[in-house]
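Everything on this sheet refers to the single structure shown next.
Each chain gets a letter, A, B and so on, in the order its sequence line appears, and its residues count up from 1.
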2 protein chains.
Amino acid sequence: MPRAVAGRGDILPAIAEVFREHGYEGASLALIGQRTGLGKGSLYHFFPGGKDEMAAAVLAEIDAWFEAHMFGPLRDHAEPDVAIVAMLDATDSYFRSGGRVCLIGVFALGDARDRFGSAVQSYFARWVEALAEALQRGGREPSAARALAEEAVAAIQGGLVLARALQDTEAFTRTLGRIAITLTGRPRSAAGMASA
Amino acid sequence: MPRAVAGRGDILPAIAEVFREHGYEGASLALIGQRTGLGKGSLYHFFPGGKDEMAAAVLAEIDAWFEAHMFGPLRDHAEPDVAIVAMLDATDSYFRSGGRVCLIGVFALGDARDRFGSAVQSYFARWVEALAEALQRGGREPSAARALAEEAVAAIQGGLVLARALQDTEAFTRTLGRIAITLTGRPRSAAGMASA
DNA sequence: GTCTATAAAGCGATAGAC
DNA sequence: GTCTATCGCTTTATAGAC
């Protein structure tokens, strides 16, 4: 019989979802065990450092995902406009059109910011910087690019707060639509919105 | 000797600050007792319903403050442009230029949204509606007013997330500056920024 | 109105059998 | 690798003295 779980990677998404929905303090080991289907023994086998190490691993995985799928393309893609549109589609998809919240934003607002301060800071700083670079390569002035990038990242986070508060995911969809116009000068394509 | 505490009103601000900084789950009665200088006995004397009643009272107080100082003026002020500028100044002041976080935003992102869903929803819905009404009275089309209002409220929340994540309150100040231009067509006045 | 003592439950974490 | 049992601590909440 193959082992039930090959490594941390198999259960990280489930753990991430618990932290995302309940925050660091609210994510009890009982909940995590329930969601992953593992007992505490197994959890501590994979994460000897306990809850702290689980959260750090989740943050690292999310960070790597954004680096690979959003920050990297924004910095490197030959056509910055294409990368920006792709970023908006990826954002819509990742946050399930507002049905999912940003775990790192949740951590930023609570006690977890003190625990994982540099990871939280780095994530947002690199998002803003990568987007600013794309905007600059697309022809914007450096200072305007930076301001637009900061505005867009803040708007995404605020859109998630609003969508969850109003229990209306369309508030997030509308936010993404406004950002698209601000950044690209055009509405989001129906194709991008449908596939997301 | 006068009683140490006349009523709930005296200690609500201290309790609010604990919820704001630690979230609902993180705000333990031990912390609240420490911050208010009261033992559990006194806390349960004022709030027989315990932590849940404390949070509800804090939400109600915050809601009343925003209703009186921001939503009301936005709806009623004879000059909507003046009310909008005043709202931005009040926002800057209330959130300590980004040094303070929005308790209702924190609740919205976490488990507390399920507990206090209607209060959270109502707060944000009325903020957007009141601002939209002011913009409409100022001459905007209804649909444009509503979109701008939603954009501004989301930007404020996102600016708070960003400022706290980056540990840089100026990220919030810059956000408010951009909102001012979007809503009023003019930068925030130096007077308003200084007095905030 | 404020306190201490205490109850009952849940928490993160550990130990050790299998 | 997975489990159960358990430890020690903190949690919310209550009881009752003053």
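One interatomic measurement links the two molecules: CG of A/Leu43 to P of D/dT4, which rounds to 12 Å at whole-angstrom precision. In this structure, B/Leu29 atom CG and D/dT12 atom P are separated by 4 Å, rounded to whole Å. Between B/Asp10 atom CG and C/dG1 atom P there is a gap of 11 Å when expressed in whole angstrom units. To the nearest angstrom, C1' of D/dG1 lies 11 Å from CD1 of A/Ile11. Atom CZ of B/Phe46 and atom P of C/dG1 are 6 Å apart (whole Å). Remark: P of D/dT11 and NE2 of B/His22 are 11 Å apart, rounded to the nearest angstrom. In this entry the distance linking CG of A/Asp52 with C1' of C/dA13 reads 13 Å, nearest Å. Distance NZ (A/Lys40) to C1' (C/dA15): 13 Å, rounded to an integer number of Å.
Rounding to the nearest 0.5 angstrom, the gap separating the CG atom in A/Leu31 from the OG1 atom in A/Thr36 is 10.5 Å.
In this structure, the side chains of B/Pro73 and B/Met87 stay at 4.5 Å or more apart for every pair of heavy atoms.
In this structure, B/Gly37 and A/Gly49 both approach DNA chain C, and ranking their closest nucleotides by distance from the 5' end singles out B/Gly37. Comparing B/Gly39 and A/Ala27 by the nucleotide of DNA chain C whose heavy atom lies nearest to each, the residue mapping closer to the 5' end is B/Gly39.
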Give the C-alpha distance, both sets of side-chain angles, the deciding distance and a yes or no for side-chain hydrogen bond (donor to acceptor under 3.5 Å, both in side chains) between B/Arg146 and B/Ser143.
CA-CA 5 Å; B/Arg146 173 105 211 153; B/Ser143 66; over 6 Å; no
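Relative ring orientation between A/Trp127 and A/Phe66 is described as tilted, the plane-to-plane angle lying within the 30° to 60° band.
For the pair A/Glu53 and A/Arg8, the salt-bridge criterion is met [side-chain N within less than 4.0 Å of a carboxylate O].
Checking C/dA13, D/dT2, D/dT12 against every side-chain atom of A/Lys51, the shortest atom distance belongs to C/dA13.
Nucleic acid contact for B/Gly50: sugar-phosphate only, since backbone atoms but no base atoms lie under 4.0 Å from a heavy atom of the residue. If you check every strand for non-hydrogen atoms under 4.0 Å, B/Ser42 touches a base.
Side-chain N/O atoms of B/His45 include none lying less than 4.0 angstrom from OP1 or OP2 on C/dT2.
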